[in-house]
2 protein chains.
Amino acid sequence: MRSEGLDRVTMRRIAAVLDTGHASLYVYVRDTEDVHAQILDALLASVALNETGGWRERLKALVTSYGEVLRNHPEMARMALSTQPDGPNFLGIVEQILALLREGGADDRAAAWGVDLLLLLPTAMAVEHNVEVHPADEDDRLSDMTDQVGDLDPQQYPNITGLRQELLSGNGPVRSDWSLDVLLDGILARSVATRPTHPPRQIGVDGSAAHPPDRQPRND
Amino acid sequence: MRSEGLDRVTMRRIAAVLDTGHASLYVYVRDTEDVHAQILDALLASVALNETGGWRERLKALVTSYGEVLRNHPEMARMALSTQPDGPNFLGIVEQILALLREGGADDRAAAWGVDLLLLLPTAMAVEHNVEVHPADEDDRLSDMTDQVGDLDPQQYPNITGLRQELLSGNGPVRSDWSLDVLLDGILARSVATRPTHPPRQIGVDGSAAHPPDRQPRND
DNA sequence: ACCTGAACACCGTTCAAGT
DNA sequence: ACCTGAACACCGTTCAAGT
């Protein structure tokens, strides 16, 4: 089903790969969205919880891994923004993030609302960095922001021109990592629960996070 | 140029409104992206800095206003994700956010990297909540998440089912507001600059934020 | 029953041919 | 010079007609 090039996943391309008429696909799926959702969840099988490190490291690695899948398949990221994924692998990721947030000291509300942010951010970044470079436009693409900021009037935009260095600094991974820390700090700051300086409390009903999991919980 | 229905902005629709052939548009614009970018910046003229309240209130109101424009025009939000806007009105918003972040005590890096997050989040939310409801699907749309969570196995997803209440709580504006606070707390937490408990320092070169602006800074 | 070719209603972009 | 109709290369979805 999933061939090599998953970039432009359209009904007619899938049909071509499967050597069939494009109309036949509608026997198996409801519409394009349905196809994309199913493909995304299949891809998410590779996103697994790392078992080393503290809750924060594990959480960041998990979300980063989720973001990498989306960045490798921008079409899927676009879809994930429009329609809330609900496949088993996606729900498994949600479950693990919730467990880790609680382990980090987030209260119920912060964990519940925070998981949305933690998933939304890498999705948006994946869509954003889908450059779709046309071979000839390389120069334009690379220098657009640089030129833009350089040519601005310091009188009109004192902060933009003043912060030029920092606005352009940092590559993708560094910024992503920083952004995750911002979210985690913010989520915990809005939690009224016990701070994680105390020994991390056992999470009552939660089996998957309380005792260390032996392996990746799902391999599909 | 901008008529009433800005939902599905396509070349051919624009041409129809203008009573001309769709090919004629390419005399004035380079491609569809270009049209969308120009329309977005025109729409952003209505996003203005409020002059009442502390830096945090003003910043949140500004970003919320930006998000409302995008939520009213999901097509523009989608475009803003793919291609970095660079119109004068957009840059004005960036400038003001930077000034407010600094006023709040963010250091250079936190302000520069933070502004991206503060703009990315409402953009992603606007794309996300573009329901595009087909009249008959109302029931499905409203209950999809609810049913989903209700039917889950508590053994397999203890945290999701356990936090069911909070996962579904909060309407759009409340969640957006909470998310903005999360970002601001996180951004400030990662700042090494002087904390804002000190009297808010004057921003040296920055005229637009230092003394209160008389009106909306831009009306196009 | 299952599959499919053709058709319908759209897109964005290009370009030769008109005025 | 400027504009435009037609054409090209795509989409998603439907459906009558075939096997």
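These numbers come from a predicted model, not from an experiment. Here is how names work: the chains are called A, B, and so on, in the same order as the sequence lines, proteins then strands, and each is numbered from 1.
Ion pair A/Arg102/A/Asp108 flagged as a salt bridge, since at least one NZ, NE, NH1 or NH2 atom sits closer than 4.0 Å to an Asp/Glu carboxylate oxygen. A salt bridge does not link B/Arg190 to B/Asp107: none of the charged nitrogens lies less than 4.0 Å from a carboxylate oxygen. Using a 4.0 Å cut-off between a side-chain N of Lys or Arg and a carboxylate O of Asp or Glu, B/Glu75 and B/Arg78 qualify as a salt bridge.
Using a 4.5 Å cut-off on side-chain heavy atoms (C-beta onward), B/Leu101 and A/Asn159 make no contact.
A cation-pi arrangement is found for B/Arg109 relative to B/Trp113, the charged atom lying closer than 6.0 Å to the ring centre and inside a 45° cone about the ring normal.
The phosphate of C/dC2 (OP1 or OP2) has no side-chain N or O of A/Tyr28 nearer than 4.0 angstrom. When the side-chain nitrogen and oxygen atoms of A/Ser24 are compared with OP1 and OP2 of C/dC2, none of them lie within a distance under 4.0 Å.
In this structure, the CG atom of B/Asp19 is 14 Å from the C1' atom of D/dT4, given to the nearest Å.
As rounded to the nearest Å, C/dC10 and D/dA9 have C1' atoms that lie 13 Å from one another.
Of all the heavy atoms in B/Arg175 and B/Leu167, the pair that sits closest is NH2-O, 2.6 Å. The shortest heavy-atom contact between A/His36 and A/Met76 is O-SD, 3.6 Å.
Searching all strands for a Watson-Crick or G-U wobble partner of C/dT19 with both distances below 3.5 Å returns D/dA1. In this structure C/dC11 sits in no base pair that meets the Watson-Crick or G-U test at under 3.5 Å.
For B/Thr161 (side chain) and B/Pro158 (main-chain N/O), a donor-acceptor pair under 3.5 Å exists by modelled atom type.
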Find every protein N or O atom lying less than 3.5 Å from an N or O atom of nucleotides 8-12 of chain D, and list the pairs.
residue: D/dC11; atom: OP1; partner: A/Arg13; partner atom: NH1; Å: 2.9
residue: D/dG12; atom: OP1; partner: A/Met11; partner atom: N; Å: 3.1
residue: D/dG12; atom: OP2; partner: A/Met11; partner atom: N; Å: 3.1
residue: D/dG12; atom: OP2; partner: A/Arg12; partner atom: N; Å: 3.4
residue: D/dG12; atom: N7; partner: A/Arg12; partner atom: NH1; Å: 2.3
residue: D/dG12; atom: O6; partner: A/Arg12; partner atom: NH1; Å: 3.0

Set out, line by line, the N/O atom pairs under 3.5 Å between protein and nucleotides 17-19 of chain C.
none

